[in-house]
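The block underneath contains the structure these notes are about, expressed in structure tokens.
Since we're looking at a predicted model, the values are computed, not measured. Numbered from 1 within each chain, the chains take letters A, B, ... in sequence-line order.
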Amino acid sequence: MNKTVNQKAWFLVLPVLVLVAFSAVIPLMTVVNYSVQDTFGNNQFFWAGLEWFREMLASERMWNALSRQLAFSVIILAIEIPLGIYIALNMPKKGFWASFCLVLMSLPLLIPWNVVGTIWQIFGRVDIGLLGYTLDKIGVSYNYTQDFFAAWATLIVMDVWHWTSLVALLAYAGLQSIPDAYYQAAKIDQASRWNVFRFIELPKMAGVLMIAILLRFMDSFMIYTEPFVVTGGGPGNATTFLSIDLVKMAMGQFDLGPAAAFSIMYFLVILLISWVFYTVMTNLDKRDGV
Amino acid sequence: MAWMAWTTPTAIFFIVIASLLVTFTLLAIKFPETPRTGVLGFETTRGDRLFITLLGSAFINLIWLGLEAGPQPYALLVCLIYAGGVFRWV
């Protein structure tokens, strides 16, 4: 049966549109207005044209924050995705332990970001934190407030601890949806464990993994609270990611114009990446006939 | 509206985008879109092509500005050519 195409149904999304207008579109328009003006407070604005964009594009500070941000996102994806798949493959498929594992895996996801930050901030302290104290006692030099590598390691391990569960749960859902017949066919063909993974499990998980990659990339690309609580962007600027730098610029220095130009470029990058992921995802779905 | 710090150029900018969206919505109602596969290898509708055009134009403008390639209005010309290309081949 042919589906009827009725574009008028789009009017049904009007209430959401109004809501989004107030929470996102109008603030975003204000940011665009700020980005072409200068202000010294008092709600007085002076026309600056494209000056802030020019300044930001030439700003080493922004490019450094962007490269730190990209490095962070790539590193956590490179760890969380394979680790999440590995965990999902090894989780019990049914029974009490399956439910137990699911609940256990969900726990880190329920903790608010700032609490996660606080947990790791204390956990890593050399004087009172279990991790910091233990590392110090066994002779490992670890101080995330002063050492570049320690700060990055703490943030990466924290993010992996917080979010690998999400990848694992999504991958697990993908695995559960594979009918037994596939595995039986593989058994008849005497397929190796690797071949079962490569030709049955991985293709069947591709859709959910795409969602996992998209979610984790976007979240890590916009990360603010956790590094802010743990390192505050330090030592020096070592963990000053885009959003931390942006807040410093907008709220700390009250440079609204440059910060607005910065935000718009940040937003455009996120929009581009989301669009690419979205397109890839919908095309995967179409190919699979979902 | 004073808190939004409006300026004439930004107002024109948003009016242009809003009218594009309205025009394309009306077009979609009057002449339903049929997806087609272009050079990018995936199906796009008229609305998708508008999105690709707008997003691409933003980047063209930024690259133009970053490379100091010349007066900014010329970037709009490049965007127009780009838009033509997207609507023709994507």
- prompt: Atom CD1 in B:Ile29, atom CZ in A:Phe11: separation rounded to 0.5 Å?
  reply: 4.0 Å
- request: Using a cut-off of 6.0 Å, state whether more than 12 heavy atoms not belonging to A:Tyr278 lie near its atom OH.
  value: no
- prompt: Can you name the closest pair of heavy atoms from B:Leu62 and A:Leu57 and give their distance?
  reply: O-CD1, 3.4 Å
- request: Flag yes if more than 12 heavy atoms outside A:Phe221 fall under 6.0 Å of its CZ atom; otherwise flag no.
  value: yes
task: Could you look at A:Val36 and say if it's the side chain, the backbone, both or neither that has a heavy atom under 4.5 Å from chain B?
output: side chain
message: Please classify the contact between A:Phe53 and chain B as side chain, backbone, both or neither, with a heavy-atom cut-off of under 4.5 Å.
response: both
message: Please check if the number of heavy atoms outside A:Trp113 that lie under 6.0 Å from its CH2 is greater than 12.
response: no
task: Answer yes or no: does atom CD of A:Gln253 have more than 12 heavy-atom neighbours from other residues, nucleotides or ligands under 6.0 Å?
output: yes
- prompt: Taking all non-hydrogen atoms of both residues, which atom of A:Asn283 and which atom of B:Glu43 are closest, and how far apart?
  reply: OD1-N, 4.3 Å
message: Please check if the number of heavy atoms outside A:Phe46 that lie under 6.0 Å from its CZ is greater than 12.
response: yes
query: Does atom CZ of A:Phe148 have more than 12 heavy-atom neighbours from other groups under 6.0 Å away?
result: yes
- request: Measure distances from B:Leu55 to the heavy atoms of chain A and classify the residue's part below 4.5 Å as side chain, backbone, both or neither.
  value: side chain
field: B:Phe59 versus A:Leu268, closest heavy-atom pair with distance
entry: CZ-O, 3.6 Å
- prompt: Considering only heavy atoms from C-beta outward, does the side chain of A:Thr282 approach that of B:Phe42 to under 4.5 Å?
  reply: no
task: Pick one of side chain, backbone, both or neither for A:Ile264, based on which atoms fall under 4.5 Å of a heavy atom in chain B.
output: neither
- request: Please say whether more than 12 non-hydrogen atoms of neighbouring residues, nucleotides or ligands are located less than 6.0 Å from NZ in A:Lys204.
  value: no
query: What's the spacing between A:Glu51 CD and B:Leu65 CG if we round to 0.5 Å?
result: 9.0 Å
- prompt: How far does CG of B:Asp48 sit from OG1 of A:Thr279, to the nearest 0.5 angstrom?
  reply: 7.5 Å
query: Does atom CH2 of A:Trp63 have more than 12 heavy-atom neighbours, drawn from other residues, nucleotides or ligands, at distances under 6.0 Å?
result: no
- request: Indicate the atoms forming the closest heavy-atom contact of B:Thr10 with A:Asn33, along with that distance.
  value: OG1-OD1, 2.8 Å
- request: Please determine, among A:Thr39, A:Val269, A:Leu271, the option with the most heavy-atom pairs under 4.5 Å with chain B.
  value: A:Leu271
query: Which region of B:Phe14, side chain (C-beta onward) or backbone (N, CA, C, O), has a non-hydrogen atom less than 4.5 Å from a non-hydrogen atom of chain A, or is it both or neither?
result: side chain
